[in-house]
Amino acid sequence: GLSDSVRTSPNYRRHVEDFGYYWAINDFMVAQLSFDWRSGVRGGDFDPGWTQYHGQFRYRWLDRFMSGDFATSYQALHGMSRNLNLYWRHSQDFSQDSRLGFDLNYSSNTVTRSRTSTNPYAALATIRSSGNYTNTIGPVSLNVGGTRTQYPGRTQVDYNFPNLSLATRGPLDLASWLTWTPTLQLNSTGSDEIDQGAA
């Protein structure tokens, strides 16, 4: 969209959003490039104006049971901070018993990300990454995954990785008087760049 294309007042702020090019590469892949721009005229610390560049690549192969998309954006506030955003979602079935899926999100500057977002939900939303791999090997089910979380306007990063779970798909009859369902779980959690003290 294009707002205030014809300036009728010195207080107007020109704004261009999602101006770019869409390319259908083939039956399985598409790509898109676009940019946003907001005038820095009469801007303040909260809204100094910015320039943003976006790129996205989507793919979907039904015969390979694979789909996903990759996106990146670069944000530059006029005369101030910079931010690089990366996003990758992927889903793939290797067999009926084996599957991989992940949703990765990263922001190099969460403060800039919040300032340039025109969506209030996106400006306040956490930046969360997750991944999971499941497989069945004989009678044993394997599950490996983890999460990583960033917060808007903060440097703290919380992670929960790796999460490992091994379990049998059903109880094992070891004897006429003994039935056992063995399981093994491993979890690791932590935080980096903690920016708030304990209450």
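A quick note: this is a predicted structure, and the numbers were derived from the prediction, not measured.
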Same cluster for W23 and W61 if Ile/Leu/Val/Met/Phe/Trp/Tyr side chains link at under 4.5 Å? yes
Within one Ile-Leu-Val-Met-Phe-Trp-Tyr cluster: Y59 and L62, side-chain cutoff 4.5 Å: no
Approximate separation, where rounding is to 0.5 Å, of T155 OG1 and N109 CG: 10.5 Å
Side chain N105, main chain R128, donor-acceptor under 3.5 Å: yes
Output every pair passing side-chain hydrogen bond (donor to acceptor under 3.5 Å, both in side chains) with a member in residues 132-147, not counting sequence neighbours, ordered by first then second residue. S98-Y133, Y133-N135
Minimum heavy-atom distance P48-L77, with the two atoms named: CG-CD2, 3.6 Å
Does R82, at its CZ atom, have more than 12 non-hydrogen atoms belonging to other residues, nucleotides or ligands within less than 6.0 Å? yes
Taking atom OG1 of T126 and atom CZ of R148, what is their separation to the nearest 0.5 Å? 12.0 Å
Check side-chain contact (heavy atoms from CB on, under 4.5 Å) between N26 and all other residues, then give those that pass, not counting sequence neighbours. F28, M29
Charged N to carboxylate O below 4.0 Å: is that the case for R89 and D69? yes
Grab the two heavy atoms, one from A125 and one from P152, that are nearest each other, plus how far apart they are. O-CD, 3.5 Å
In the hydrophobic clustering that connects Ile, Leu, Val, Met, Phe, Trp and Tyr at side-chain heavy-atom distances below 4.5 Å, which members other than Y151 occupy its cluster, ordered by chain and number? none
Hits for ring-ring contact (aromatic ring centres under 6.0 Å, His included) against F102, two or more places apart or cross-chain, chain-then-number order -> W88, H90
Distance in Å, W37 CH2 paired with Y53 OH, rounded so as to fall on 0.5 Å steps: 11.5 Å
Evaluation steps, side-chain contact (heavy atoms from CB on, under 4.5 Å), between D36 and T51: CA-CA 6 Å; D36 306 334; T51 303; over 6 Å; no
Under 6.0 Å from the CZ atom of F65, do we count more than 12 heavy atoms belonging to anything else shown? no
List the residues meeting side-chain contact (heavy atoms from CB on, under 4.5 Å) with P162, not counting sequence neighbours, and say none if there are none. S188
Could you pull out all residues at least two apart from R58 that satisfy salt bridge (Lys or Arg N to Asp or Glu O under 4.0 Å)? none
Is it the case that the side chains of E193 and Q156 hold a donor-acceptor pair, with the cut-off being a distance below 3.5 Å and no angle test? no
Decide yes or no for L84 and T72: does some side-chain heavy atom of the first lie under 4.5 Å from some side-chain heavy atom of the second? yes
ring-ring contact (aromatic ring centres under 6.0 Å, His included) partners for F35, two or more places apart: F19
Output all residues satisfying salt bridge (Lys or Arg N to Asp or Glu O under 4.0 Å) with D158, sequence neighbours left out; order by chain, then residue number. none
Report whether L166 and I137 are members of the same hydrophobic cluster (ILVMFWY, side-chain heavy atoms less than 4.5 Å apart, transitive linking). no
Separation between CG (D103) and OG (S91), nearest 0.5 Å, reads 10.5 Å
Side-chain heavy atoms under 4.5 angstrom apart, residues restricted to Ile, Leu, Val, Met, Phe, Trp, Tyr: same cluster for F161 and L142? no
What residues form a side-chain contact (heavy atoms from CB on, under 4.5 Å) with S107, not counting sequence neighbours? N83, N85, T110, R113, I127, Q150
Please tell me whether Y106 and V157 are part of a single hydrophobic cluster in this structure, the criterion being side-chain heavy atoms less than 4.5 Å apart. no
So, using side-chain contact (heavy atoms from CB on, under 4.5 Å) as the criterion, who are the partners of A71 when residues are at least two apart? Q56, Y87
Drop me the distance from N187's CG to N163's CG, to the nearest 0.5 angstrom. 4.5 Å
Apply the hydrophobic cluster definition, ILVMFWY joined by side-chain contacts under 4.5 Å directly or through others, and give me every member besides Y22. V30
Would you please name every residue forming a salt bridge (Lys or Arg N to Asp or Glu O under 4.0 Å) with D93, sequence neighbours left out? R99
Please evaluate residues L100 and F94 with respect to the criterion side-chain contact (heavy atoms from CB on, under 4.5 Å), reporting the C-alpha separation (whole Å), side-chain torsions for both, the decisive distance (0.1 Å), and the verdict. CA-CA 8 Å; L100 172 67; F94 300 102; 3.5 Å; yes
Can a donor-acceptor pair be found, under 3.5 Å and without considering hydrogens, that links the side chain of S165 to the backbone of Q185? no
